Structure formats: structure tokens, C-alpha cells
Amino acid sequence: MKLAEARKRIEVLKKEIEEHNRRYYVLNQPVISDFEYDLLMNELETLEKMFPELATSDSPTKRVGSDLTREFVQYQHKYPMLSLSNTYSEEEVNEFHQRVIKIASNKDVEYVCELKFDGASISLTYKNGRLERALTRGDGYTGDDVTRNALVIKNIPEKLSTGDYPDEFIIRGEVLMPRPVFDELNRERSAQGFQLFANPRNAASGTLKLLDPSVVASRNLECYLYYLLGDNLPYDNHYQNMLKARDWGFRISEHMKLCKGIEEVMLYINYWNEARKELLFDTDGVVIKVNNIALQDELGYTAKSPRWAIAYKYKAEQASTRLLSVDFQVGRTGTITPVANLEPVPLGGTIVKRASLHNADQIELLDLHLNDTVFVEKGGEIIPKIVGVDISKREPRSTKVEFIDNCPECGTRLVRNEDEANHYCPNYLHCPPQIKGRIEHFISRKAMNIEGLGEETVDLLYKQGLVRNIADLYELKMEQLVPLERMGEKSASNLIAGIERSKETPFHRVLYALGIRHVGETVARTLASEFKDIDSLMSADQEKIISIRDIGPKIAASIRNYFEDKENIEIIKRLKSYGINFSLSDASAGKSSGKLSGKTIVISGVFSRFTREEYKEMIEKHGGKNSSSVTSATSFILAGDNMGPAKRQKAESLGIPLVSEEEFLKMLE
Ligand code: IVH
């Protein structure tokens with residue numbers, strides 16, 4: 001390759017990698033697999049080695065991708081937070097070992113093998129046994145301060161249990177979302193019309209950057225710690241330091257292993273290639289670290305990663321097959337998903353016949369043609385995806401795959417909003433999958449929680465013409481239900497009873513149940529407590545809605561849209577006439593009762609039903625007094641999750657009762 005050509009290619013690669021970094025670290029929406037990303041990076045590294053005069057210090061090969069955002073305060077890392085060099089080949093692990101033993105002058109070297117967790121990395125500073133600050137990796141030198149969020153994550157202790165820790169130290173690890181939590185979260189997001197997270201890693205790092213810790217708390221993140229730093233560490237080796245950190249109260253992976261020599265490292269790698277599939281968390285490889293810290297120091301660092309560690313990554317399983325056709329599916333919220341039909345091919349223990357194509361951009365990016373030979377991959381996602389096309393096998397004059405213009409279910413012209421990746425069908429009132437989707441959302445557990453009514457029954461009721469919208473549910477009669485397939489007397493009467501019971505559902509859940517685009521549980525709660533009843537919300541203009549904390553223009557526009565539709569107004573009118581709750585109860589609306597007069601109350605912890613501010617207002621409205629410190633004059637503590645341990649201890653020593661949010665709301669009823 002000539003210099004000029006290399007210069008051009010390097011520029012292209014740099015731009016492309018920067019864009020993928022932004023998509024991965026900031027937007028949490030990657031469009032290529034880690035393997036493809038590593039290939040680009042490898043190519044850039046090779047070119048920079050061949051033409052050192054073209055290697056600049058701002059190259060992505062010398063810096064870690066940045067996750068910094070404008071929403072958080074930023075602090076410098078005391079020790080830079082680097083990346084790991086990685087490889088997909090055992091041979092390169094061996095080469096790493098050769099470099100290590102050369103520096104160690106051929107002494108036997110101990111390695112610690114760990115799983116490579118695929119989440120968002122975090123750096124925690126502890127001073128005198130208390131968490132002082134939690135930072136994201138950021139650009140490696142400064143990170144976003146996410147302490148408030150870290151405090152609500154299980155296994156990030158606010159205070160340490162035993163006393164033999166250094167006065168100050170840093171511990172780093174990975175924040176993760178267990179797969180079952182991820183699946184549930186995406187199910188909910190799909191019902192609410194939010195874009196889905198591509199995998200648990202994106203969900204974990206997106207959650208860590210949320211501004212409301214109570215939403216973070218509800219997402220059940222976990223954290224594994226894997227690296228201790230500081231001036232006065234207890235031991236001269238990584239392994240014992242980790243065991244010690246476990247005693248202090250940190251979660252250290254039970255799968256960490258001390259290996260005597262490179263052969264044991266290889267056994268570990270091979271063992272986890274299969275065993276990792278049984279884990280609750282995604283792991284994409286193994287991290288191999290030199291155990292002895294003095295030897296680590298001798299080996300030192302490159303600009304981007306330590307020379308004393310390497311990540312061995314498992315290659316996602318791939319297969320090649322032929323693309324037969326593309327279907328366009330309409331989701332419950334009208335989102336159109338292209339799905340490829342493939343010639344069946346075995347991959348990772350199953351036969352793959354279909355693969356996700358995500359959206360129009362992805363089809364364009366792959367430049368997909370019918371009958372193409374394509375590569376399918378099973379990554380962290382359950383549905384396999386098409387990651388590439390073998391252009392050399394393309395038939396001449398084959399037809400390019402075009403995205404559709406009209407909804408395949410109802411024929412309506414599709415819409416794609418600016419800065420959204422998906423097309424959707426706007427005919428949300430009359431497009432069959434959307435009608436059924438909205439009913440399914442309405443009856444779901446977190447909405448109206450109507451028992452005895454599942455997806456199949458909704459389908460049946462729709463097909464029979466018995467329900468066309470959520471209001472129709474309340475007019476169902478026994479004699480219509482009993483003759484239905486698989487129904488019978490008992491199920492029908494259970495269903496009617498479930499529908500009747502749903503009339504007691506509190507207002508904020510009713511609001512959520514309506515399925516207004518972008519109105520999730522938290523937004524519904526906020527709207528309910530601000531507007532108190534549906535009429536005030538219906539008559540509020542866009543400006544008034546935007547003025548509410550945490551509600552942006554996108555949500556406000558969607559709410560306005562919903563209430564501008566005559567058919568929606570008609571449905572709400574009908575629901576009202578059946579007795580559905582469209583206003584806050586007196587207790588939650590904060591009407592004064594004097595029930596707390598003479599009481600001094602301290603609020604502590606994170607709450608799920610109302611915000612702290614709302615509880616403070618409620619206390620005042622009911623004649624109580626708010627106080628921030630626990631003293632003998634405190635009547636009780638309104639205690640949420642993760643209440644501060646100092647407050648808890650003080651309350652215990654003074655014999656002051658803790659009242660949960662449920663108990664508190666009951667007191668006001
Ligand atoms: S040690 C100086 N150990 O992988 C290197 N990192 O690709 C310190 N990671 O930024 C990191 N599992 O976010 C280490 N067992 C493990 C890990 C791990 C996952 C992440 C970490 C790091 C990235 C590098």
C-alpha cells in the first residue's frame with residue numbers, strides 16, 4: 001500500500017471508529033458486533049504500525065471510547081481508567097505469556113483468570129470505609145459522577161463491613177443487568193412504545209446514566225468488582241487483594257481462579273467457552289491478569305491498556321446461508337421490524353430460519369439483495385442477526401431489498417420521525433396488531449392487572465368482533481364468553497370478576513394503562529400527582545405539560561396528540577361511565593386531614609410510589625413537620641429502599657420506628 005492510500009484509509013477508519021464509539025458508549029445503540037469493531041480497530045493499528053508517520057496521538061487506537069455526557073458533573077480519575085488489549089486467538093495469549101516471562105526473567109508466573117463481564121465499568125472511591133464517589137469510565141481520564149445511582153445498586157456498599165481496609169482506596173468493576181431483568185425491561189418498553197435496548201450491556205450502561213435514582217433502583221442492576229487500586233493495599237498480589245475486598249463487603253466473582261502457568265489459563269478459557277452459556281450475565285470472554293503487583297508495575301502500560309493483562313474474547317458463533325425473503329412485522333406499538341427468512345442453517349445448537357434486520361438503516365448498510373449469501377451471528381441477543389453479506393457470491397441482476405412504504409397489516413403509509421431509527425404505522429386506532437397490543441398492555445400486571453385474560457383470549461375476542469378497544473372489555477357479558485373456545489363457565493366468570501376488580505385500580509396506573517406513547521410508569525405517576533385528575537390533564541396545553549419536572553417536549557407532544565383524537569376522548573368517556581378511577585384518591589392527592597399534626601418526620605431512602613418531594617409536601621399538607629436529622633424528637637422515619645445506615649443506626653438506638661411507604665400511605669387513607 002502507498003502512503004497516500006494509507007492516509008486515506010486511516011482517515012476513513014478513524015471516522016468510522018469514532019462514530020461506532022459514540023453509538024456504543026453515548027447512545028447505547030451499537031450497529032455492529034464487537035467482532036466487527038475489533039476488526040476495524042485491528043486494521044487501523046496495523047496501518048499505523050506500517051506507517052508510523054501517520055499515527056497521531058488522537059487516534060482511537062490510543063484513546064478509549066468516551067461515555068461522557070452533559071448531564072453529570074465530571075471528576076478526574078486518580079488513576080486513568082484504561083481498556084484491555086484483546087484477542088480472539090489462543091496463539092496471541094501465548095505470545096502475551098512470552099512477553100511476560102521475558103520481563104519476569106523466566107520465573108514461573110501466576111495468572112488470575114476472570115470472566116470478562118459485559119456491562120458498564122465503574123470506579124468507586126472509598127474513604128474511611130464509606131463510598132465517596134462513583135465515576136463512569138468517561139474518556140479514561142475524567143468520568144461522569146454517578147454516585148447517587150451507584151448507591152441504589154445492590155452490591156455497591158455505602159459503608160464497609162470489617163475495619164481492616166486502607167483509609168483510602170479505589171475499587172473498579174462492572175455494572176450489569178441480569179438477563180431475566182433485561183428481558184422483562186424490554187417487554188415493558190415494547191408495550192410502551194420505547195425503543196428496545198439491543199442487549200443487557202446497553203441496558204446497564206443506559207440505566208447507569210439515568211437522572212432519577214429511583215428508576216435506577218427499580219432496574220435491579222448488579223455489580224461485580226475486579227480491580228483494587230491505592231497506595232496501601234493489603235497484599236502484594238491481585239488475587240489476595242480481591243479475596244480481602246470480598247471480606248470488606250464487595251461482590252467478587254466466584255469464578256475468579258488463580259492459575260499456576262499458562263496451561264491452566266488455557267484450560268480456564270476452554271472450560272468457560274461452554275459453561276458461560278449457563279450464566280445469568282453476559283460474558284464475552286476471559287481476562288487474564290498477572291497476579292504479582294511488582295511484576296505488573298515492571299510490565300507497565302501502553303497509552304491505552306496495561307501490558308500485564310489481556311482479554312481473550314470468544315468469537316460469536318457465525319454461519320453462512322441464503323436470504324430467501326424479508327417480512328415486515330408490525331409490533332404492538334406500530335413499530336415495523338424487518339425479519340429475514342433464511343435457508344435453515346444450524347448455529348449454536350439450534351436451526352436458524354429467521355434473523356432480525358433491525359431497521360431500514362441496517363438493510364441499507366448491508367446493501368442486502370434477495371438470494372444473497374449472508375453471515376448470521378448469535379451474539380448476546382436471543383434472535384440471531386445478519387452481520388454481513390458475501391458479495392462475491394451475489395447473483396448478477398439480483399433484486400435489492402427495499403424497505404416498505406405502507407403498513408402490511410392495514411395499508412397506511414408508514415412514518416419515520418427524525419432522529420428515530422424505526423418506521424412505524426401511525427394508524428394506531430385501527431391497525432389490528434396495534435389494537436390487540438393496546439388491549440394486552442391495558443390488562444397487563446403493572447397496568448389494570450386483569451387476571452384471566454391472556455394474549456390468546458385477547459386474540460379470540462378480537463377475531464370474534466367482541467372487543468375493538470379497551471372500553472369494550474367492560475361490556476363483555478357471560479353469554480358472549482361462555483361459548484368461546486377453551487373458555488367455559490368458570491373461566492368466563494373469573495374474567496368478568498377480574499374486569500370488575502380492575503375498576504379499583506389507582507389513577508396513575510389507569511393513566512399508564514391507556515398506553516399513551518412515551519408515557520411509562522414513572523411519567524404516569526408524575527402526571528397523576530401533578531394534574532390530580534384526567535380532565536385537568538386533558539385540558540392542559542403543551543407548555544403547561546412541559547413545565548413539569550422530567551417531562552420533555554417529546555412526551556408532551558405525544559400526550560397532546562393522544563387527547564386530540566376524538567376516538568380516545570370517546571373511550572375515556574365510556575371508561576368513566578363504567579366507574580374507572582380517573583382521579584387521585586384524597587390521600588395521594590394530599591388533601592389535608594390533620595392526620596400528622598404534631599408529628600416530626602424524617603424521610604430517608606429511595607421511594608417507588610411517589611418522589612421524596614411529593615412525600616415532603618404530603619407531610620406538610622397533613623399537618624406534619626419535615627426534619628432532616630434524627631433526634632429524640634423524631635416521631636418516625638419514612639423509610640424507603642437503601643436508607644442511609646447512619647440514620648438507621650441512630651433510629652435504632654433512639655427507638656424511633658421506621659414506617660414503609662405503603663404503611664405511610666395507609667396512615668393517610
Ligand atoms: S480489569 C486496566 N477485569 O473490560 C484494566 N476489566 O475491554 C482494568 N472488564 O474497561 C480492567 N471484565 O470495563 C477487568 N474481569 C475484568 C473485566 C474487565 C470486564 C471490562 C472493563 C474494561 C474493559 C476492557
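Both ligands and their constituent atoms are indexed starting at 1 by order of listing. This one's a predicted model, so the numbers in the text were calculated from it and none came from an experiment.
Residue contacts with ligand 1 do not include Asn86, since none of its heavy atoms lies under 4.0 Å from the ligand.
Applying the 4.0 Å criterion to heavy atoms of Pro306 picks out, from ligand 1, the atoms 2 (C), 5 (C). Proximity to Ser121 (heavy-atom distance under 4.0 Å) selects the following atoms of ligand 1: 13 (O). Listed by number with element, the atoms of ligand 1 under 4.0 angstrom from any heavy atom of Arg137 are 10 (O). Interface atoms of ligand 1 facing Leu82, defined by a heavy-atom separation under 4.0 Å, are 10 (O). Of all the atoms in ligand 1, the ones that sit under 4.0 Å from a non-hydrogen atom of Glu114 are 3 (N), 15 (N), 16 (C).
The number of heavy atoms from other shown groups lying within 6.0 Å of NZ (Lys315) does not exceed 12. Counting non-hydrogen atoms of other residues, nucleotides and ligands closer than 6.0 Å to CD of Glu364 gives a total of 12 or fewer.
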Let me check something: any side-chain donor-acceptor pairs from residues 168-178 under 3.5 Å, sequence neighbours excluded? List them with distances.
residue : atom : partner : partner atom : Å
Arg172  : NE   : Ser123  : OG           : 3.0
Arg172  : NH1  : Pro80   : O            : 3.2
Arg172  : NH2  : Tyr79   : O            : 2.6
Glu174  : OE1  : Tyr226  : OH           : 2.5
Glu174  : OE2  : Gly119  : N            : 3.1

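Between Tyr79, Phe117, Tyr226, Tyr301, it is Tyr226 that holds the heavy atom closest to atom 22 (C) of ligand 1. Here atom 23 (C) of ligand 1 lies nearest to Lys116 when heavy atoms of Gln296, Glu174, Arg172, Lys116 are compared.
Under a cutoff of 6.0 Å and an axis angle of 45°, Arg179 and Phe281 do not form a cation-pi pair. Taking the ring axis of Phe96 as reference, the NZ or CZ atom of Arg307 does not stay both within 45° of it and closer than 6.0 Å to the ring centre.
The protein heavy-atom contact nearest to atom 5 (C) of ligand 1 is Leu84 CD2, 3.7 Å. Nearest non-hydrogen protein atom to atom 3 (N) of ligand 1 is Lys289 NZ, 3.0 Å. The closest protein non-hydrogen atom to atom 8 (C) of ligand 1 is Tyr227 CD2, 3.8 Å.
Between Lys15 and Glu18 no salt bridge is recorded (no basic side-chain N to carboxylate O distance below 4.0 Å).
Contacts with ligand 1 closer than 4.0 Å are made by no heavy atom of Met81, backbone or side chain.
A donor and an acceptor atom, one from each side chain of Asn273 and Asn270, are nowhere located under 3.5 Å apart.
The shortest N or O to N or O distance between Leu115 and ligand 1 is under 3.5 Å.
Partners of Pro157 under the side-chain contact (heavy atoms from CB on, under 4.5 Å) rule, at least two apart in sequence or in another chain, are Tyr126, Leu160, Phe250.
Heavy-atom minimum distance, Leu82 versus Arg137: O-NH1, 3.6 Å.
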